[in-house]
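Letters go in sequence order (proteins before strands), and every chain restarts at 1. These numbers come from a predicted model, not from an experiment. What's counted below: heavy atoms across the whole structure, side chains too, no hydrogens, waters or symmetry copies.
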Number of protein chains: 2
Amino acid sequence: MHKPRVSQMASQRNLVRQEKPETAHRFASDYALEDQIGHLLRRANQRHTSIFFESLSDQKLTPTQFAALVKIGDEKEVSQNRLGRLTAMDPATILGVVKRLGDRKLIAAHPDPNDGRRSLWRLSSRGERLLTEVLPIATRITRHTLAPLSRGEQSTLLGLLRKLS
Amino acid sequence: MHKPRVSQMASQRNLVRQEKPETAHRFASDYALEDQIGHLLRRANQRHTSIFFESLSDQKLTPTQFAALVKIGDEKEVSQNRLGRLTAMDPATILGVVKRLGDRKLIAAHPDPNDGRRSLWRLSSRGERLLTEVLPIATRITRHTLAPLSRGEQSTLLGLLRKLS
DNA sequence: AATAATTTGTTCGTATACAAATGAATTTCA
DNA sequence: TGAAATTCATTTGTATACGAACAAATTATT
C-alpha cells in the first residue's frame with residue numbers, strides 16, 4: 001500500500017543540498033565551480049523555487065504560472081505572446097503555461113476582434129479569487145527568500161541583479 | 001528547402017527580452033513582479049545561460065554538463081549520486097546529464113569494487129581534452145556575465161548570493 | 001495593389017529540474 | 001546476527017526553457 005501520486009504537479013520541493021568537496025585539488029586550480037556567478041545564480045534560484053513550492057503547495061501554482069497570473073491581472077487583457085514578453089518567457093514556454101492555467105479555468109481567452117491571429121487572455125473570477133488569495137503569500141515568499149540578508153543587503157542585491165538583467 | 005534541425009541540442013540561445021508595461025496600474029498595487037527577488041534571479045539566470053550557450057555553441061555543452069565535467073575532473077573518480085550532490089543536482093537530473101556525457105564518450109563508468117550499487121565515473125581522454133579547452137572559455141563567460149558591474153559590485157554580488165544559498 | 005517583412009501562435013525536439021516510488025546493496029544498530 | 005534504516009541508481013510523470021521551423025494574419029514598403 002502506498003500513497004497515490006500527485007496528479008497535477010509535485011506538491012513540494014526539497015532543496016538539493018550541495019556537498020562541499022574535501023580536497024582542494026582541482027583539475028584547473030584556478031576554476032572553482034562554487035565561486036562562479038552561474039552556479040551561484042542557479043543555487044539561489046533553486047532555493048527560491050523550493051521556498052515557493054513549499055509556501056504555495058496548496059494552490060499548486062508554479063513560479064511562472066503565478067507570474068503569468070500577476071501580469072494578466074495587471075493588464076486585464078493581454079495576448080499570449082505579449083504575456084510572454086511581460087513575464088520574460090519564450091513563446092513556446094508561455095504557450096504551455098497559459099494552456100495549463102486555461103485548463104484549470106483560471107484564465108479564459110477571447111478572440112481579438114481587430115486581429116485574427118490573436119486571442120486575448122483575461123482572469124476568470126476563479127483566477128481573480130486565487131490571485132487575491134495568493135498575493136500576500138507571494139510577498140511572504142519574497143521576504144523568506146531574502147531573510148538571510150539585512151535590509152541594506154537586500155536592496156543592494158536587488159539593485160545589482162537589476163543591472164545584470 | 002530548409003535547413004535541417006540541430007540534432008544534439010539547440011546551438012544558441014537568444015535572451016528573452018522582457019517588455020515593460022506602460023501602465024502603472026496593477027491588480028495589487030503593492031506587488032510589482034519586476035522587483036521580486038524570484039523574478040530577478042530568473043532573469044539573471046536567463047542572461048547567464050544565454051551567454052553560456054553563445055560562448056560554448058561549438059562544444060555543445062550545457063551549463064550542467066559543464067559543471068559535471070568540472071567536478072569529475074576535480075574528483076578524478078566519483079559516483080553518480082555524489083556527483084549530483086557536488087553539482088547541486090537531483091539524482092534524477094544528474095542521471096540524464098551523466099547519460100548524455102557518457103553517450104558522447106566524454107566520461108566513462110567503472111564498477112566500484114567495494115560497492116555493488118555504484119559505478120565510478122571518470123573523465124575519458126576526450127573529456128579531459130574538452131575540459132582543458134573549455135575552462136578558459138568558462139572563465140570568459142563568468143567575466144562577460146558580470147561585465148555590467150564594477151569589480152567591487154561583482155564581489156558584493158557573489159558574497160550576497162553565497163549567503164542566499 | 002502587390003510584395004516584403006513582421007507578428008502570432010503552434011509543433012517538434014532536446015535538456016534541465018524535481019517528486020514519488022522502487023529494487024538492490026550497504027550500513028547501522030539493537 | 002538480524003532487522004531497520006539508509007544509500008544508490010532508476011523509472012514515471014509534470015513543468016519549465018528554448019531553438020528551429022512553420023502557416024496564417026497583419027503591417028510596412030514600394
Do the side-chain N or O atoms of A:R42 get closer than 4.0 angstrom to the phosphate oxygens (OP1, OP2) of C:dA17? yes

Give a yes/no answer on whether the side chain of A:Q65 brings an N or O atom under 4.0 Å of OP1 or OP2 in D:dT16. yes

Rounded to whole Å, please give me the gap between CG in B:D112 and C1' in D:dT7. 13 Å

Please step through salt bridge (charged side-chain N to carboxylate O under 4.0 Å, His left out) for the pair A:D35 and B:R162, ending with a clear verdict. CA-CA 9 Å; A:D35 299 334; B:R162 245 183 294 258; 3.0 Å; yes

Rounded interatomic separation in angstrom, taking CG from A:L83 and C1' from C:dT10: 16 Å

Phosphate OP1/OP2 of C:dT7: any A:Q80 side-chain N/O under 4.0 Å: no

For A:T49, answer base if it contacts any base atom (sugar-phosphate contacts may also be present), sugar-phosphate if it contacts only those atoms, and nothing otherwise; contact means non-hydrogen atoms under 4.0 Å. nothing

Short side-chain N/O contact from A:T62 to OP1 or OP2 of D:dT16, under 4.0 Å: yes

On the nucleotide D:dC8, are OP1 or OP2 found under 4.0 Å from the side-chain N or O atoms that B:R85 carries? yes

B:W121 atom CH2 is separated from D:dC8 atom C1', nearest whole Å, by 14 Å

To the nearest angstrom, the CE-P distance between B:M89 and C:dA17 comes to 7 Å

Between atom CZ in B:F53 and atom C1' in C:dA15, what is the gap in whole Å? 8 Å

Between B:V97 and B:R117, the residue closer to the 5' end of DNA chain C by nearest nucleotide is B:V97

For B:K76, does the NZ atom sit with more than 12 other heavy atoms under 6.0 Å from it, leaving out its own atoms? yes

Report the distance from atom NZ of B:K99 to atom C1' of D:dT11, rounded to the nearest whole Å. 14 Å

Side chain of A:A92 (C-beta onward), nearest among C:dG9, D:dA9, C:dC12: C:dC12

Using a 4.0 Å heavy-atom cut-off, does B:T64 contact any base of the nucleic acid, only the sugar-phosphate backbone, or nothing at all? sugar-phosphate

Are B:E54 and B:H144 linked by a side-chain donor-acceptor pair shorter than 3.5 Å? no

Mind checking if B:D115 touches a base, just sugar-phosphate, or nothing, with heavy atoms under 4.0 Å? sugar-phosphate

A:L15 vs A:P91, nearer the 5' end of DNA chain C by closest nucleotide: A:P91

Distance, rounded to the nearest Å, where A:N81 contributes CG and D:dA25 contributes P: 16 Å

May I have the distance from B:L41 (atom CG) to D:dT16 (atom P), rounded to whole angstrom? 18 Å

Is there a donor-acceptor pair closer than 3.5 Å between any side-chain N or O of A:Q18 and the backbone N or O of B:R85? no

Sole residue of B:E128, B:E75, B:E77 in salt bridge (Lys or Arg N to Asp or Glu O under 4.0 Å) with B:R122: B:E77

So which one's nearest nucleotide on DNA chain D is more toward 5', A:P63 or A:N114? A:P63

